Amino acid sequence: MRYVAKVAFAAACALTLPALALLGGGCGRAGVGPGGGSAPLGGSGFSVVAAENFWGSIASQLAGARAHVSSIIVNPSTDPHSYEPNANDARTIAGARLVIVNGIGYDNWGRRLLGASPSAARVVLDVGKVLSLGEGDNPHQWYSPAHVALVAERIAAEYERIDPPDASYYAARERDFTQRALARYDALRREIRTRYAGVPVGYSESIFQPLGEDLHLRLLTPYGFAKAVAEGTDVTVRDKQTVDAQASNRRIAVWVYNSQNVSPDVQRVNEIAHERGIPVATVTETLSPQSDSFQQWQVAELERLMRALHAATGH
């Protein structure tokens, strides 16, 4: 998918968003899902909104019973880069105490929603700024285990600042998330590094790059190919030839592709991989199924990848 959002608000939404936020009209909806639901706040809890459900799931687990967490992008078929928000999204963000956006050019529509309902009381956590990354950098940092840990720490810290009396509760939730909830995720990553470090792998786009590097796999796909597929731009003839040759000549042991973004170039390599008997593993942009938690989703992907690596190497 694309690093930089190419589609902003639909013209009508851009012109009338504040009014629509009050009236409840809309221009399309991805829904509210894992890490949230849409029930009203109860007691003294506060509202948290994540632009995407991968951060929303983490935020929900860290919040526990102390906050109501919802996510805007939850449908696996929705492209977060070009999503067109509507009045329900505007209302949701307008009432939030904390809003989490990915940044890095990935969800610029979130910034437009924030600008439509400015609030001095609202806290905005921009993942890109937390990680000192900006447009042009790889936005898919939820595929970087080290950065997931840093963002989880920052979310918990924001909760502690918003709700100081419950600071110890949030600190405990963060420890539970990183030490227990992510235990299987961490164990699989260690096992893959131990058994398959250096195995040559091809990948369709940059979404897999942070995880592939963490797993110490040898990523052979040219940067230009992965970047062009991610941005939705034309792949150069040279990069097409290189990637096709890597698959045709079995220079890659495994092919990994984002099943939510299958361009003609990706489909061609998928077909070559199948023809040449190269094991294929898939990843997705957002939680799939959307009812999964962050760690369930990632564990399932790591297990698929490990099966593909085992099939390719025999060990």
Side-chain angles (χ1 to χ4, degrees), residues 54 58 104 131-133 137-153 177-230 239 242-261 266 269-270 272-285 288 292-315:
F54 37 81
I58 295 171
I104 325 178
L131 303 176
S132 299
L133 299 174
D137 292 318
N138 190 336
H140 306 103
Q141 295 304 312
W142 60 98
Y143 270 93
S144 165
H147 286 166
V148 166
L150 286 174
V151 174
E153 180 182 11
F177 176 72
T178 56
Q179 296 175 15
R180 184 193 61 79
L182 294 182
R184 174 65 175 159
Y185 169 75
D186 292 337
L188 283 168
R189 289 169 43 234
R190 288 192 297 270
E191 185 174 358
I192 291 172
R193 281 197 295 264
T194 299
R195 294 171 61 182
Y196 303 112
V199 172
V201 171
Y203 62 106
S204 69
E205 63 168 281
S206 59
I207 188 172
F208 181 71
Q209 187 174 10
L211 183 59
E213 291 174 348
D214 172 81
L215 299 174
H216 299 173
L217 300 172
R218 186 154 60 98
L219 303 179
L220 293 191
T221 301
Y223 173 75
F225 183 96
K227 184 175 186 293
V229 173
D239 283 343
T242 298
V243 173
D244 288 359
Q246 288 174 346
S248 297
N249 299 324
R250 295 182 59 86
R251 290 201 290 269
I252 56 172
V254 170
W255 170 249
V256 181
Y257 77 97
N258 176 3
S259 60
Q260 290 177 325
N261 184 30
V266 173
V269 183
N270 289 353
I272 296 172
H274 286 299
E275 290 170 359
R276 301 296 293 156
I278 297 171
V280 174
T282 59
V283 294
T284 60
E285 192 98 0
S288 182
D292 271 2
S293 67
F294 173 85
Q295 59 271 23
Q296 288 172 327
W297 170 52
Q298 289 289 294
V299 162
E301 292 191 339
L302 287 168
E303 288 174 340
R304 290 197 296 270
L305 175 62
M306 192 155 67
R307 287 194 294 269
L309 289 164
H310 172 73
T313 64
H315 63 80

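The structure presented is a predicted model; accordingly, all values stated were derived computationally and were not measured. What's counted below: heavy atoms across the whole structure, side chains too, no hydrogens, waters or symmetry copies.
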*For Gln246 and Leu220, indicate whether the former's side chain and the latter's backbone hold a donor-acceptor pair under 3.5 Å.*
yes
*side chain to side chain donor-acceptor pair (under 3.5 Å) against Arg184, all qualifying residues, sequence neighbours excluded*: Glu303
_Evaluate Glu301 against Thr284 for side chain to side chain contact (heavy atoms under 4.5 Å, CB included), listing each step before the verdict._
CA-CA 9 Å; Glu301 292 191 339; Thr284 60; 3.4 Å; yes
*Do the side chains of Arg304 and Thr282 get nearer than 4.5 Å, heavy atoms only?*
yes
_Nearest heavy atoms of Pro210 and Gln141, plus distance in Å_ = CG-NE2, 4.5 Å
*How would you list, by chain and number, every residue that makes a side chain to side chain contact (heavy atoms under 4.5 Å, CB included) with Ala308, sequence neighbours excluded?*
Val254, Pro279, Ala281
*Report yes if the side chains of Tyr257 and Val229 come closer than 4.5 Å at any heavy-atom pair, otherwise no.*
no
*Would you check, one step at a time, whether the test side chain to side chain contact (heavy atoms under 4.5 Å, CB included) holds for Phe208 with Val201?*
CA-CA 11 Å; Phe208 181 71; Val201 171; 4.2 Å; yes
_Pro145 vs Arg189 side-chain heavy atoms within contact, under 4.5 Å_ = yes
*asked:* Quick check for you: to the nearest 0.5 Å, what is the distance between Leu133 atom CG and Ile104 atom CD1?
replied: 4.5 Å
*Expected output: side-chain Ser293 to main-chain Gln296 donor-acceptor under 3.5 Å*: yes
*So, for Pro222 and Thr242, which heavy atoms are closest and what is the spacing to 0.1 Å?*
CG-CG2, 3.7 Å
*Do Glu285 side-chain atoms and Gln260 backbone N/O form a donor-acceptor pair below 3.5 Å?*
no
*Hey, can you tell me if Tyr196 and His315 have their rings parallel, tilted or perpendicular (30° and 60° cut-offs)?*
parallel
*asked:* Working note: Val148 + Phe54, criterion side chain to side chain contact (heavy atoms under 4.5 Å, CB included); need CA distance, chi angles, decisive distance, verdict.
replied: CA-CA 10 Å; Val148 166; Phe54 37 81; over 6 Å; no
*Counting N and O atoms only, with roles assigned by atom type, does the side chain of Asn138 sit under 3.5 Å from a partner on the main chain of Ser206, one being a donor and the other an acceptor?*
yes
*Does the side chain of Ser204 come within less than 4.5 Å of Trp255's, by heavy atoms?*
yes
*Please report the shortest heavy-atom distance between Asn258 and Glu205, naming the atom on each side.*
ND2-OE2, 3.2 Å
*Looking only at heavy atoms, what is the nearest atom pair of Ile58 and Ala152, with distance?*
CG2-CB, 4.1 Å
*Report the distance from atom CD1 of Ile252 to atom CD1 of Ile278, rounding to the nearest 0.5 Å.*
4.5 Å
*Can you find a heavy atom in the side chain of Arg195 that is under 4.5 Å from one in the side chain of Leu309?*
no
*Given side chains that start at C-beta, do those of Leu215 and Leu305 come closer than 4.5 Å, heavy atoms only?*
yes
_Rounded to the nearest 0.5 Å, what separates atom CD in Glu213 from atom OG in Ser144?_
9.0 Å
*Heavy atoms only: give me the nearest Arg251-Ala245 pair and the separation to one decimal.*
NH2-CB, 3.5 Å
*Only one of Leu188, Leu217, Asp214 passes side-chain contact (heavy atoms from CB on, under 4.5 Å) with Arg193; say which it is.*
Asp214
*Looking at OG1 of Thr178 and CD of Gln295, how far apart are the two atoms once the value is rounded to the nearest 0.5 Å?*
11.0 Å
*Would you say Ile192 and Leu302 make side-chain contact, with heavy atoms under 4.5 Å?*
yes
*Contact check, side chains of Gln298 and Tyr143, non-hydrogen atoms, under 4.5 Å*: yes
